[in-house]
Structure formats: C-alpha cells, structure tokens
Protein chains: 2
Amino acid sequence: MAEQEPGAGRSPEARLLVVDDEPNIRELLSASLRYSGFEVIAASDGHEAVALAERVRPDLVVLDVMLPDLDGFAVAKRLRAGGRRMPVVFLTARDGTDDKVHGLGVGDDYVTKPFSLEEVVARIRAVLRRTRGDLELPSRLQVADLVLDEEAHHVERAGQPVRLSPTEFKLLHYFMSNAGRVVSKAQILDHVWNYDFGGDAGVVESYVSYLRRKIDNVEPRLIHTLRGVGYVLRAPRH
Amino acid sequence: MAEQEPGAGRSPEARLLVVDDEPNIRELLSASLRYSGFEVIAASDGHEAVALAERVRPDLVVLDVMLPDLDGFAVAKRLRAGGRRMPVVFLTARDGTDDKVHGLGVGDDYVTKPFSLEEVVARIRAVLRRTRGDLELPSRLQVADLVLDEEAHHVERAGQPVRLSPTEFKLLHYFMSNAGRVVSKAQILDHVWNYDFGGDAGVVESYVSYLRRKIDNVEPRLIHTLRGVGYVLRAPRH
DNA sequence: ACCCAGGCTCAGCCGTCGCTGAGCGTTTGC
DNA sequence: GCAAACGCTCAGCGACGGCTGAGCCTGGGT
C-alpha cells in the first residue's frame, strides 16, 4: 500500500487534471500524484473533464482514452479549442488500439494500462519539463558516485556506465528518488510494478539482487537491507 | 493493560471510528487510542460502522477486514460513496490473504493482526499526516545525543550510527516518545509487543539489556531503572 | 523459425531475530 | 543479617526473512 512520498509541504509542482471513469484507477492516480507533490483534480467522463479544465486551467491533463461518453482524443481536441496549449498524457490499453496513439500532439505522451505509478509520474514530469522548459525538475539523480540520468536513460556507477533492464531501471529510479528514506517491499511493489501485478514480494528481492550485482558491487555499498522493514538507498556516514 | 498516556487535556488530534467485531480488540484499541489523544467512537459491524460514519464524520476509520456482515472493503466503499474522502487503516490477518490488501485505495494503510499498539498509532498518524497535509510532525526524535529518525529508520548515539533489530527499534521508539515519563514493563509489553504475546515481562528486561549495550554504553546514561516501577529514558538533570 | 533478453517463480541455504531459562548480582523487606 | 524478590546478562533453540541460482515462459528481434 502506498505510504510516504516527497513533496509534502512544498507548494505544488503543477496542477493536474486526472480523467478516468474507473473510480479505482482515478483514486489511485489522484492520491499518488498528490503525494508526489502535484495539485490534483479529477473527472470521471469527458464532458466533466472539459468543463473542469475550463474552470481550473490545469497545467497538464492525464486522460484515459476509453471514456464512457467522449473519446479521449475528442476530449483533447476540445481542451485545445482556440489554439490553447494543453499537454496531455494519455492512458491507453495495451491491446491493438495503441495505433490510435499516433494522433498524439507534440509534447504529449502516453502510458499503457496497466501502468506503474513510477511510469506515470515520470511521463508527467517529462512532459512538464518539455512544455514549460521546467529545468527545475532535475532529470539527473545522484547518490555518491551513482548517477541516473532520466532523460538520457543512462546509469553509471563510479564513472562506469551500466546496462539495466527496464524493471531494474525503474526500481533504481524509485530508490534514488527516495534516497535516505526507507521503503518497504509493499511500497516498491505499489510504485514500480504495474497496479494489477498479482505476485508476491519475492520478485522485489530478486530485482534488488540484480541491481546490487550491477550497481552495488563496489564500495561503498549503497543499497542496505533493513530486516523486517525494507530497503534504503543511501551513502554511508551522512 | 494500558495506563496513562500523553494527550489528555489537549483537544483531540482527530476523530476516529474503530470497527471490529471482537470486543476485546475493539476495547483495546478504543482505550489506547483515546489515551493517545484521539477522539474515538466504535462500531462492531459493517452496517453500524456505515451508519455511524454518516452521523459523526470521523477523520479516519480503523477497520477490521473480517466482519460478520460486510467485508471490510465493502464498508470502505460505502464510506466513500459519493466520492467522499475517507482514509482507512485496515486490520488484516497475517495469513496469505495479505495480497488482497495490495492494490486497493491509496492513501490507506493496513496493519496485520496481531498488531502492537505502537504500530497502529504510528500508521494512523502517518495516514493523517498524509491525507491532511498535516505537515511534519517531526519524524526525528532526540534525547541528549541520542537521535532516532523514523523515516530513515536510523538511530545514532553520540554521532555514531547504531544497528538495531526491529524489536529493539520499536522499544527505543517507545522510550523516546515517552521520554521523561516512567513506563512500566506491563505498559511496554502492551505497546511494543503484539497483543497476543503470551510470555512474561522477562523479555522486556532482555531487550532493555540489548538496547543498553547498543545505545547506552556511554555517558551520560539515558535509560534508568526504577526498581519495582519501570524504566525512564531521560537526560540527566542539571 | 529461431534465439535471446527480460520477467517471474521456486526452493534451498544462511544469517539473524525473538524468546526462553538459568545463573548471578543487587536491592528490599523482615 | 538473611531471605526473597527483582533485575541483568548470557547462551541456546527454533523459526523466519532475505538472498540467490536455476529454470520456465513470453515476446520481440533477426
């Protein structure tokens, strides 16, 4: 279950409008994005979305393609009526219908369902960074001599580049954005794995093991196990 | 059994609804949470819970998953009918069914039965902190040169990091949140150990011993024994 | 059609943790 | 001053949590 996140207290990074008709997904996203530091409002269908966007002027819209009333793309079109800029991150099913995504506007992006929270947050940040030259959002995370560049999708330890599989990368990214904070295996599952993942926490142990082999095989060790609690990524001493 | 606690006299931190069909657990929780400074009302089944919540509008619900009438998740759903926000801390059995908890309602949290009171209070506070931007009840406790950082799950004495087992950590945390106040061995058993723990108070002595060895082996001594009464954690008076 | 990388599960091993019981020292009460 | 109660420490055990290597399955690329 999702627990602590950064971003509390600071003024919101941006205002988001989340549009999805499934209450579970809508709530999952809203809560999680709020805890990530965004201001979030939500709508459950296309018309409500258009009306709300009119009033609250969000910085970005997270938009399910499958809506009961309007097609997601139709919603996007209306949002941008009058030439107004309105970046959109689409949520789309993984089946064949992705073809329709080719209709993306510039600056838009999409995430396939089922997604992981890490993925969604990453896409949102990337789009925001692009559309408003928001350099404040660092695309580069660093802990000791471990560096992860999000934009370049590049990781290196002690100056040596490291090849990571997608899951390994997401896991490391999650660790690094929570450096110094203990994260439980349940939290990791919630953020790094897709929300419909049914398996148990053993898989987290496996991937931590892979990660250690690839990026934590030199001193100082950065990934620490806290038995019965979780993991921390941190430089020693502090 | 639980005795005195902080929070008496001050205005309640929040209003809680406790839902459990076992009278023992219900009373244990209600009493303990009251002494922790919460306003508490209780219900023994799902329908009563929904009806009560309707009337008294609690800030948070502590909800057993196994109820005689409604499933705990069903109750949660009804509590949130109409899109109302209602944070929930679930109480769930430790058997394999934990999987069901994963993936439902973000912003919620859960505690496995049998729990310790420390655990429950901690989860409740964490959820409240999140859901109402109740910023930064400091996650850092300090007494003299002894520091416990909850978020990082890190302890140090005189600048030196110390490794503690989970139980040692919980015990120290209990001491530190009650710094300057005498706690009896019975209180410690009630708060730090699971409520179904059958053993005797000897185990507390053991763990106090371990703690002393790890974090109280330098001057000034912080953990003091009051024979026949209990223990206090406090910096020496000057 | 094949191969390979990636995702996941499983099971055995190992270390640690939690608890108990015994022995010993210290304090208290008589 | 003595005995009983209380508290401290240590050793030992059973059990559990976490790590990792092996293996299966899937999907994508050649």
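Computed from a predicted model, the values in this text were never measured in an experiment.
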Take atom [atom1] of [X] and atom [atom2] of [N], then tell me their distance rounded to the nearest Å.
X	N	atom1	atom2	answer
A/Glu168	D/dT20	CD	P	13 Å
A/His224	D/dG18	NE2	P	16 Å
B/Asp200	C/dG18	CG	P	17 Å
A/Leu211	D/dC19	CG	C1'	14 Å
A/Lys170	C/dC8	NZ	C1'	14 Å
B/Asp196	C/dC19	CG	P	10 Å
B/Leu171	C/dC19	CG	P	11 Å
B/Phe169	C/dC17	CZ	P	14 Å

Considering residues, nucleotides and ligands other than B/Arg163, do more than 12 of their heavy atoms fall under 6.0 Å from its CZ? no

Is atom NZ of A/Lys214 surrounded by more than 12 heavy atoms (other residues, nucleotides or ligands) closer than 6.0 Å? yes

At what distance, to the nearest 0.5 angstrom, does CD of A/Glu205 lie from OG1 of A/Thr225? 9.0 Å

Contact class for B/Phe197 (heavy atom, under 4.0 Å): base, sugar-phosphate, or nothing? sugar-phosphate

Which letters describe nucleotides 2-15 of chain D, given B = protein heavy atom under 4.0 Å from base, S = only from sugar-phosphate, - = neither? ---BBSBBBB----

Minimal non-hydrogen separation, A/Leu63 against A/Ala76, with atom names: CD2-N, 4.1 Å

Counting just side-chain N and O atoms, does A/Trp193 come under 4.0 Å of either OP1 or OP2 of C/dG7? no

Salt bridge check: are A/Glu219 and A/Arg221 linked by an N-O gap of less than 4.0 Å? yes

Partners of B/Ser44 by side-chain hydrogen bond (donor to acceptor under 3.5 Å, both in side chains), sequence neighbours excluded? B/Glu48

